[in-house]
2 protein chains.
Amino acid sequence: MNLRELALQLGLSQTTVSRALNGYPEVSEATRKRVRDAADKFSYRPNTRAKGLATGRSMAVGHVIPVSDQHEMVNPIFADVIAGAGEAYAEAGYDLVLSLVGARDEAAFYRDLASRGTIDGIIVHGPRHNDPRLPLLKEIGLPFLVHGRSSLADVSYSWVDVNNRSAFYRAAGLLLDLGHRRIGLINGLAGMDFAVRREDGYRRALTERGIHVDPDLIAEGEMTEAHGWASAREMLSMPDPPTAFLVSSIISAFGVRRAAAEQDIALGSELSVVVFDDDLSYFRSDGGVPQFTSVRSSVREAGRMAAEMLLDIIREGSDEPRQRLLEAELTIGRSTGPVPTHEGSKTTG
Amino acid sequence: MNLRELALQLGLSQTTVSRALNGYPEVSEATRKRVRDAADKFSYRPNTRAKGLATGRSMAVGHVIPVSDQHEMVNPIFADVIAGAGEAYAEAGYDLVLSLVGARDEAAFYRDLASRGTIDGIIVHGPRHNDPRLPLLKEIGLPFLVHGRSSLADVSYSWVDVNNRSAFYRAAGLLLDLGHRRIGLINGLAGMDFAVRREDGYRRALTERGIHVDPDLIAEGEMTEAHGWASAREMLSMPDPPTAFLVSSIISAFGVRRAAAEQDIALGSELSVVVFDDDLSYFRSDGGVPQFTSVRSSVREAGRMAAEMLLDIIREGSDEPRQRLLEAELTIGRSTGPVPTHEGSKTTG
DNA sequence: AATGGAATTGAAAGCGCTTTGAATATCATG
DNA sequence: CATGATATTCAAAGCGCTTTCAATTCCATT
């Protein structure tokens, strides 16, 4: 059933039927009702493509997930970000077009997407420190919004981000207050903007208290369980091991917990851990004192905001950038405690 | 730059240009080259919507992720499934339209998707035991393929699935061979088809060896870390606790590991664990003897297969169903061992 | 009854592409 | 040199919608 057939059924012109369904004012309430009822009865849905062709809008938003050519990994946080964004799209009647693209051919891909007119706007995921995608998108002229930020990129653009620097500054501060002086940082992939900012916050907190930043206590990598495990294991076997860790992801934190368990080191007393918690649904602690002390910010909420802001931008057509900085919430869990005294220290093995 | 303008530039008709670019044979090689070069030069990309309107195909595939109304959770395995599928689409020039839909209004949603013509086919995720979506989609007439299966659904349909029953049958068999008699099953959400099949396999293995299936040793729920932890904790505090667990997800297995650690129970010796490992990229053990003994099957590979099969179905237009059953790989890791003898048992707390 | 404005409705063009059916150019052949 | 086959090219219709501009209807006024 298409518009022509429906109009025929009703003995009306396509014009009137179209107007009635799209809520134009110049159609009488009587006919509008008649049209709506008929549309319901025949369960008529306007063809997306035809509508898009006529209006010039596609009513779709693109999400581009960068896939690092080396590891080909997909970070599970994207699932939650997209779930949040999806809610916004569903409410607004937009579709979500998802693409996973290797960094190699990203530029061409964005140009394609824009000139084929598949989408009306785009959400950029996983921005790197000085991300070439932003000037590119600016040049292409496609409305976009970044989940995260890209320092050094000297273009103005819209973004939603959590205050990573302050989150790690505060988290480090907490550990310092507890007396920790050797604090390991198990961070995300070098070059990712969030990782750079987190390290910044960590460094600032230490430096402000006159503590030397030991490069051996900083690990970077894809935030897998194995990465957390390997990094913690290595640092814990140093002659002067850290008494605390700052971990960029709850998934890596599981690995840290495993490393600690293997060496019979008790979390919370012998070793403190603060994690950055994206509040992923599958890793939420339900009720009670949480497992891990954390700086938490729901990535799903961020996804929702990002989508809503992008839709605003698309609708208003204005190009003045919008930005939203979220503050993470510092929650004390069971994984932190005062630095262990020397007599309390134990032999490993 | 659109087709008309390009044709104008070339002094050719739209017809010829269109044919040249789409590889029709009735265009001379000389003009084809001329057209291709010009298209390159002006970086012309045909408008998706116009093309779709003209051809009747949208060159897009839908993925519908069911969001349970109660928990609003998004399983991280979807990220990997979709990554796999995404590869296939990228190669074939298809777009991927992602929707997250609450079970409540799913029927309406599918009908919409079909009649609006947004997509040419659909991948069904997370099928339940007797999933109403399958007959519905059959009725609608939209090509679809299920990742997983739905027993009892008395329609024939295409699917890609891992042999869950055999995987758990074998996993349970392994534990039984090791002398375990009290084996806990920490399964996925009741009603999900995979969970039903896994329980089947577990039951069959036990029953065949004349072992009573204790309903108290079966836990079901969303496969979170917390679920694994809570279920293991509860079972381990039973008067006659299990000496081994079969766990439906590596994420829940982390929770099991936590519960064991809390009670100072050593994995592999005092407690055995076999997990179903979807080979998620963020939870892969890299090299060496894996953490967990597992039955493993890459969900990403499955996603890729699902996409490829659906594209075949769409292209061929035949409606005879295709099916692909994958066998999981049983890999011995460090989490399993012979059942502990009684003298070796320890006091808890 | 004639008039003009407001309220409704409709015909037709256009969005950018594919594809049918017709037209033209090219060429080997008798 | 005409002829028919073959290789190329093109004009125009059509995909299903929106939207401009024009037409019609309806009323309150004069």
Side-chain angles (χ1 to χ4, degrees), chain A residues 1-36 38-39 42-60 93-95 112-120 315, chain B residues 1-36 38-39 42-60 93-95 112-120 315:
Chain A
M1 165 77 47
N2 58 23
L3 187 62
R4 199 171 54 84
E5 288 167 25
L6 183 61
L8 233 58
Q9 285 283 340
L10 283 159
L12 287 169
S13 72
Q14 296 191 32
T15 311
T16 305
V17 176
S18 169
R19 280 180 178 143
L21 292 174
N22 290 311
Y24 281 67
E26 61 267 65
V27 79
S28 81
E29 277 315 309
T31 47
R32 190 189 303 280
K33 174 149 178 25
R34 216 159 65 82
V35 171
R36 284 219 175 109
F42 298 111
S43 68
Y44 163 75
R45 300 276 177 287
N47 180 291
T48 314
R49 294 187 297 274
K51 192 162 187 162
L53 188 56
T55 58
R57 278 169 295 119
S58 64
M59 296 300 279
Y94 274 73
D95 286 326
D112 245 59
L113 224 44
S115 49
R116 289 189 316 159
T118 327
I119 54 175
D120 295 333
R315 280 189 284 241
Chain B
M1 165 77 45
N2 58 23
L3 188 62
R4 199 171 54 84
E5 288 167 25
L6 183 61
L8 233 58
Q9 285 283 339
L10 283 159
L12 286 170
S13 72
Q14 297 192 31
T15 311
T16 305
V17 176
S18 169
R19 281 185 178 142
L21 292 174
N22 290 311
Y24 281 67
E26 60 267 66
V27 81
S28 81
E29 276 316 309
T31 48
R32 191 191 301 281
K33 174 148 180 27
R34 217 159 64 82
V35 170
R36 283 220 176 112
F42 299 111
S43 68
Y44 164 76
R45 299 277 177 287
N47 180 291
T48 315
R49 295 187 296 275
K51 191 161 187 162
L53 188 55
T55 58
R57 278 168 296 118
S58 64
M59 296 299 279
Y94 273 73
D95 287 326
D112 245 59
L113 224 43
S115 49
R116 289 189 317 160
T118 327
I119 54 175
D120 295 333
R315 280 189 283 242

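It should be emphasised that the depicted structure is a prediction, and the values quoted were computed from it without experimental measurement. Only heavy atoms go into these numbers, but all of them, side chains included; no hydrogens, no water, no symmetry mates. Below, read A as the first sequence line, B as the second, and so on, with proteins coming before strands; counting in each chain starts at 1.
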Worksheet entry | Over all atoms of both residues, closest heavy-atom pair of A:Arg49 and B:Ser58 | NH1-CB, 3.2 Å

Practice prompt. Evaluate whether atom CZ of B:Arg57 has more than 12 neighbouring non-hydrogen atoms of other residues, nucleotides or ligands under 6.0 angstrom away.
Written response: no

Practice prompt. Verify the neighbour count for atom CZ of B:Arg45: are there more than 12 heavy atoms of other residues, nucleotides or ligands below 6.0 Å?
Written response: yes

Worksheet entry | Rounded distance in Å - CZ (B:Arg32) to C1' (D:dT9) | 13 Å

Worksheet entry | B:Tyr24 vs C:dT19: side-chain N/O to OP1/OP2 distance below 4.0 Å | yes

Discussion item. Quick one, A:Val17 with A:Leu3, criterion side chain to side chain contact (heavy atoms under 4.5 Å, CB included). Give me CA distance, side-chain angles, the key distance, then yes/no.
Written reply: CA-CA 8 Å; A:Val17 176; A:Leu3 187 62; 3.5 Å; yes

Discussion item. Whole angstroms only, please: what is the CZ-C1' distance between A:Arg57 and C:dG14?
Written reply: 16 Å

Practice prompt. Drop me the distance from A:Asp95's CG to B:Asp95's CG, to the nearest 0.5 angstrom.
Written response: 11.0 Å

Worksheet item: Going by heavy atoms in the side chains, are A:Thr48 and A:Met59 under 4.5 Å from each other?
Response: no

Item to complete: Tell me, yes or no, whether the heavy-atom count around A:Arg315 atom CZ, taken from other residues, nucleotides or ligands under 6.0 Å, exceeds 12.
Response: yes

Worksheet item: Do A:Ile119 and A:Leu113 come close enough that some side-chain heavy atom pair is under 4.5 Å?
Response: yes

Worksheet item: Less than 4.5 Å apart, any side-chain heavy atom of A:Leu10 and any of A:Val35?
Response: yes

Worksheet item: Backbone N or O of A:Gln14 within a donor-acceptor pair of the A:Ser18 side chain at under 3.5 Å?
Response: no

Worksheet entry | DNA chain D-proximal residues of residues 4-18 of chain A, any heavy atom under 4.0 Å | A:Gln14, A:Thr15, A:Ser18

Response to the item:
Against the side chain of A:Asn22, the closest entry in D:dG16, D:dT18, C:dC17 is D:dT18

Worksheet item: Can you find a side chain N or O atom of B:Lys51 that sits less than 4.0 Å from OP1 or OP2 on C:dT18?
Response: yes

Item to complete: Please state how far atom CG in A:Leu53 lies from atom C1' in D:dG14, giving the value in whole angstrom units.
Response: 12 Å

Item to complete: Please report the shortest heavy-atom distance between B:Met1 and B:Glu5, naming the atom on each side.
Response: CA-OE1, 3.4 Å

Fill in: Length of the line joining A:Leu3:CG and C:dC15:P, which is rounded to integer Å
19 Å

Find every protein N or O atom lying less than 3.5 Å from an N or O atom of nucleotides 6-8 of chain D, and list the pairs.
none

Worksheet item: Between B:Arg49 (CZ) and C:dG14 (P), how many Å, whole number?
Response: 19 Å

Discussion item. Taking only side-chain N and O atoms of B:Asn47, does any of them lie within less than 4.0 angstrom of OP1 or OP2 on C:dG16?
Written reply: no

Give every pair of a protein N or O atom and an N or O atom of nucleotides 21-24 of chain D that lie under 3.5 Å apart, one pair per line with the distance.
{"from": "D:dC21", "atom 1": "N4", "to": "A:Arg19", "atom 2": "NH2", "distance (Å)": "3.3"}

